[in-house]
There are 2 protein chains.
Amino acid sequence: MSKLQEKVAALPAEPCCPALTERELTAEEAELTAAMFKALGDPVRLRLFSKVASHPDSEACVCDIADVGVSQPTVSHHLKKLKEAGLLLSERRGTWVYYRVEPSILAAMGRLLTPGTAPKAA
Amino acid sequence: MSKLQEKVAALPAEPCCPALTERELTAEEAELTAAMFKALGDPVRLRLFSKVASHPDSEACVCDIADVGVSQPTVSHHLKKLKEAGLLLSERRGTWVYYRVEPSILAAMGRLLTPGTAPKAA
DNA sequence: CGCATAATTCGATGACTGTCTAATCAAGCG
DNA sequence: CGCTTGATTAGACAGTCATCGAATTATGCG
């Protein structure tokens, strides 16, 4: 995970890749993009992400979202994965740790799924 | 995978779930939605999907897209996964098998990632 | 300091997954 | 029919992953 992690961190943050319909992804683009989809590809992580994203200011304390049916260490593990994928940011404020959605990430992923740019057959 | 598969097949096809930012997903919604993200969470699958989606009419023969650096059985395996997740449809026409993007799926996933509906803190 | 609470890290384990080769199925052609 | 080519299925194996309980770190409080 660490090499990929470096690549994710080195991204220009905004526009990783073209829409999936625009052209076929290169191997490297696919690797980077798949890592984000993979992060959302677990039910527990998706619920955690949704909980954070739907909280006021897209920010939530771990204690607010930890009730997803798994142990707290597991919650922590998943939050770490989401953070490594570049989907969440975390910050400690006193007693609690807050996670929030990386601002541009939703738009970027949404752009990937933009439909309708595939050419018609003759 | 089979029980999930049934649920996916039983979906009203169009609108599985609200935007991730709108409210937190239920456990069941998360399970269904995560299955789709998971399907795109592998580099090879993402490239295959992108190849199909960017082909004319969002449709391609296996022989057109099989060059992704893994053996053909592996390609077939991944295409099956994408199909099971509801992202692709397949049809045999004579000698070749064609895969195409399930029409409404891109829009549906895009909707999940719609940003900006999270309420502001007071 | 000593204690309580929030959160993460550690180590282990069972399950899942991506990949391959070999075998099989499907269609077209002579 | 048999043969060729396209594609899937079967079976095996190595690596990854989600999960847990226990231990650890971090903060605040009296």
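Convention: sequence-line order gives letters A, B, ...; per-chain numbering from 1. For the numbers below, each heavy atom of this structure counts, side chains included, while hydrogens, waters and symmetry mates do not.
- Distance, D64(A) CG to dA7(C) C1': 14 Å, rounded to whole Å.
- Protein atom CG of L46(A) is 16 Å distant from nucleotide atom C1' of dA18(D), rounded to whole Å.
- The hydrophobic side chain of L89(A) is isolated, with no ILVMFWY side chain under 4.5 Å apart from it.
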Each nucleotide of nucleotides 22-29 of chain C classed B (base within 4.0 Å of a protein heavy atom), S (only sugar-phosphate) or -, in 5' to 3' order, makes B----SS-
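- When each of dT8(C), dC17(D), dT9(D) is scored by its nearest atom to the side-chain atoms of Q72(A), the top-ranked nucleotide is dT8(C).
- Listed by first then second residue, pairs satisfying disulfide (SG to SG under 2.5 Å) with a partner in residues 20-49 of chain A number zero, not counting sequence neighbours.
- For S50(B) (side chain) and L20(A) (main-chain N/O), a donor-acceptor pair under 3.5 Å exists by modelled atom type.
- Partners of T95(B) according to the side-chain contact (heavy atoms from CB on, under 4.5 Å) rule, which considers only residues two or more places apart in sequence or in another chain, do not exist here.
- Each salt bridge (charged side-chain N to carboxylate O under 4.0 Å, His left out) pair with one or both residues in residues 87-100 of chain A, not counting sequence neighbours, appears once here: E59(A)-R93(A), E91(A)-R93(A), E91(A)-R100(A).
- Separating the CG atom of L82(A) from the C1' atom of dT8(C) is a distance of 15 Å, rounded to the nearest angstrom.
- In this structure, the side-chain contact (heavy atoms from CB on, under 4.5 Å) partners of E29(B), at least two apart in sequence or on a different chain, are C17(B), P18(B), R23(B), L25(B), T26(B).
- Counting any heavy atom pair closer than 4.0 Å across all strands shown, Y99(A) reaches sugar-phosphate atoms only and no base atom.
- Taking only side-chain nitrogens and oxygens, R45(B) comes nearer than 4.0 Å to OP1 or OP2 of dG18(C).
- The T74(B) side chain lies nearest to dT19(C) when the options are dT19(D), dT19(C), dT17(C).
- Rounded to whole angstrom, the span from the CD atom of E84(A) across to the C1' atom of dC17(D) amounts to 13 Å.
- Spacing between atom NE2 of H77(A) and atom C1' of dC17(D) amounts to 7 Å, rounded to whole angstrom units.
- In this structure, the NZ atom of K81(B) is 4 Å from the P atom of dG18(C), given to the nearest Å.
- The V70(A) side chain lies nearest to dC20(D) when the options are dC20(D), dT17(C), dA7(C).
- We find that CG of L79(B) is positioned 14 Å from C1' of dG18(C), with the value rounded to whole Å.
- Across dG18(C), dT21(C), dG6(D), the shortest atom-to-atom separation from the side chain of S71(B) is found for dT21(C).
- Remark: the S104(B) side chain and the E102(B) side chain contain an N/O donor-acceptor pair separated by less than 3.5 Å.
- As judged by a 4.0 angstrom heavy-atom cut-off over every strand, V44(B) is placed among residues touching the sugar-phosphate backbone only.
- Using a 4.0 Å heavy-atom criterion, one finds that H78(B) contacts the sugar-phosphate atoms exclusively.
- Look at K80(A) and you won't find any side-chain N or O under 4.0 angstrom from OP1 or OP2 of dA7(C).
- Rounded to whole Å, atom P of dG6(D) lies 12 Å from atom OH of Y98(B).
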